[in-house]
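Comments concern the structure below.
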Amino acid sequence: MVDLLANRKREQTARGTNRLVSELFDDRRGGSQLKDPTSMAIQLYDQPGFVPLKGPDSSLAELTDFICAAQMARADDAHLGELPHEDESGPSHVHGDPPKDKKRKFFEDERWERKKHRAYEKKHMDDDETIRLPNPMIGFGIPDEPWHMSHRTLPEPAIGPPYFYYENVALAPKGVWNTISRFLYDIEPEFVDSKYFCAAARKRGYVHNLPIHNRFPLMPLPPSTINESLPLTRKWWPSWDPRTQLNCLQTCIASAKLTERIRKALEDWDDEPPLHVQKYVLDECRKWNLVWVGRNKVAPLEPDEIEMLLGFPKNHTRGGGISRTDRYKALGNSFQVDTVAYHLSVLKDIFPGGINLLSLFSGIGGAEVALHRLGIPMKNVVSIEISETSRNIVRSWWEQTNQKGNLIDFTDVQQVNGDRLEQLINSFGGFDLVIGGSPCNNLAGSNRVSRDGLEGKHSALFYDYFRILDLVKCIMGKNQ
DNA sequence: CCAATTATGAGCGTGAGG
DNA sequence: CCTCACGCTCATAATTGG
């Protein structure tokens, strides 16, 4: 059994990837036997498609994977490992009655174990170090606000080339952003709510090494209220619905049955419904992001409307064989273009001739659309996206917007190795920007089934973002 | 027509922040 | 206390495709 506490301690005391690198490196040079988590990690990471860089400079690239894997293995240990026994209260003390039946007892025990586990995690987590979300969530600054941070000092290893930009949900389980930040060269994440850029909230964290002075927003500025964004709803908006902005646009929408129930609940009242009905309707409207489209009629947003709110061109995700539900899903998983573009705007002066882009988890091409709308030419775009329909969307957008550059696409980030990256980098001289938002479904609060954190099946692909970014850094550094 | 695929509706729980 | 969250799974219904 691996010494869980020692590992956790080590993880806590390690400050930054460099420290992790050197620790692991020293272990290896000293010829010491690989410890359990590491060998587990190597097995874990011994997947088809992963090929470490060859040659004299391979050590860093290998170490990168090494660290990822070790981290993952350690996290696994934390899940599987037995917790220290707590002597005082047990389930029977909490639930005074004797268990009613076997099933119930099992259920209660499960709950108890989970609670104990969390209590343990809390007790042993360095609370001071946990990243807290800013309020208001305006990151390092938003357009038309007097308060701006114009300069920051990046840790030395964080500095490009290439520039990079990583995105994920802000409200991830505790500690997730600490881990992300630690891997991404100890850069402090920038947390921004897109409600400052459009009429819908979208609380996201961004880790990037871009300059932050002289940012500018996309023009024209999108409308910032529901009223202005969806003018047809104005006529039907009841005075007792105080919403001026929408909640986060998600991947699921309300059922037709629900909107019908709401209509029925309202039809008995001539003017204002009683308070309890108002509350019911408003709660559902907030929960499902419903808008008023007729007398007593609410409806979920149409895909076109979501496209518009997120800053995509109309019909961006329409047609080409994509179903309606897949449209909602792809849109719900996407960037808010204006928000991202504001951060990327600083690249315009740095690269007047255009950029080479590596886009991971491209989805429907939020990054590409943002750069295009900023007027930053894309010379070569390597886009990696697992969904065929999403790749088709980006491809057809690329053709319809008469892009001059090359769009090269791949399917799976896990298949991208050092050799392939080296080829690409040699063929057009390196990437200027590595951008991507890795899967959030194991981090997002809406997930009641598998909110497993960064080690979750899908969200663990974050480590591939880091692996690929670090490979690019290594290869480009080598060629200088 | 029948089988296969896809769409819909409902229910699902909790952590974190204010 | 309150609100909010780039979701998942299952059963069932609807649609597609040969």
Checklist line | Aromatic centroids of A:F466 and A:Y166 separated by under 6.0 Å | finding: no
Notebook entry, point to check: Does the pair A:E368/A:R373 count as a salt bridge with the N-to-O cut at 4.0 Å?
Noted result: no
Note to self: At a heavy-atom distance below 4.0 Å, what parts of residues 195-208 of chain A sit against DNA chain C?
What the structure shows: A:R202, A:R204
Notebook entry, point to check: Do any N or O atoms from the side chain of A:N447 and from the backbone of A:S450 form a donor-acceptor pair under 3.5 angstrom?
Noted result: yes
Margin query: Looking at A:C248, is its backbone amide N or carbonyl O close enough to the side chain of A:N289 to form a donor-acceptor pair, meaning the two atoms are under 3.5 Å apart?
Written below: yes
Notebook entry, point to check: What residues, two or more places apart in sequence or in another chain, satisfy side chain to side chain contact (heavy atoms under 4.5 Å, CB included) together with A:D241?
Noted result: A:W237, A:P238, A:R243, A:L282, A:W292
Item checked: Nucleotide range of DNA chain C lying under 4.0 Å from chain A heavy atoms -> C:dT3 to C:dC8
Next item on the list: Check whether any side-chain nitrogen or oxygen of A:R132 sits under 4.0 Å from OP1 or OP2 of B:dG17, and answer yes or no.
Entry: yes
Margin query: Does anything in residues 438-450 of chain A come within less than 4.0 Å of DNA chain B? Heavy atoms only, and list the residues if so.
Written below: A:G445, A:N447, A:R448
Note to self: Between A:N178 and A:S181, is there a side-chain donor-acceptor contact under 3.5 Å, judged purely by atom types and distance?
What the structure shows: no
Next item on the list: Report yes or no: does A:S459 contribute a side-chain atom to a donor-acceptor pair with the main-chain N or O of A:G456 at less than 3.5 Å?
Entry: no
Item checked: side chain to side chain contact (heavy atoms under 4.5 Å, CB included) involving A:Q400 - partner list, sequence neighbours excluded -> A:S396
Checklist line | Stretch residues 246-262 of chain A: residues that reach within less than 4.0 Å of DNA chain B through a heavy atom | finding: A:S255, A:A256, A:K257, A:R261
Notebook entry, point to check: DNA chain B in dot-bracket, Watson-Crick or G-U pairs under 3.5 Å, [ ] crossing, | other strand?
Noted result: ||||||||||||.|||||
Next item on the list: For nucleotides B:dG13 and C:dT3, find the distance between their C1' atoms and express it as a whole number of Å.
Entry: 15 Å
Check: Under the salt bridge (charged side-chain N to carboxylate O under 4.0 Å, His left out) rule, what pairs show up with a residue in residues 307-317 of chain A, not counting sequence neighbours?
Finding: A:E307-A:R327
Notebook entry, point to check: Centres of the A:F191 and A:Y206 rings: under 6.0 Å?
Noted result: no
Notebook entry, point to check: If we ignore angles and hydrogens, is there a donor and acceptor under 3.5 Å between the side chains of A:D470 and A:Y185?
Noted result: yes
Item checked: Test item: A:N442 side-chain N/O and A:R451 main-chain N/O as donor-acceptor pair under 3.5 Å -> no
Checklist line | A:E385: partners by salt bridge (Lys or Arg N to Asp or Glu O under 4.0 Å), with sequence neighbours left out | finding: none
Margin query: So, using side chain to side chain contact (heavy atoms under 4.5 Å, CB included) as the criterion, who are the partners of A:L374 when residues are at least two apart?
Written below: A:F216, A:L218, A:A341, A:L344, A:S345, A:I376
Next item on the list: Check for a donor-acceptor pair, side chain of A:R263 on one end and backbone N or O of A:L258 on the other, with a separation under 3.5 Å.
Entry: no
Checklist line | Strand-adjacent residues in residues 312-330 of chain A, judged by heavy atoms under 4.0 Å from DNA chain B | finding: A:S323, A:T325
Checklist line | Contact nearer the 5' end of DNA chain B, comparing A:W288 with A:N135 | finding: A:W288
Checklist line | Partner set under side chain to side chain contact (heavy atoms under 4.5 Å, CB included) for A:T325, not counting sequence neighbours | finding: A:S323
Check: So, A:S194 versus A:T339: side-chain donor-acceptor pair below 3.5 Å or not?
Finding: yes
Notebook entry, point to check: Any salt bridge between A:D186 and A:R182, counting N to O under 4.0 Å?
Noted result: no
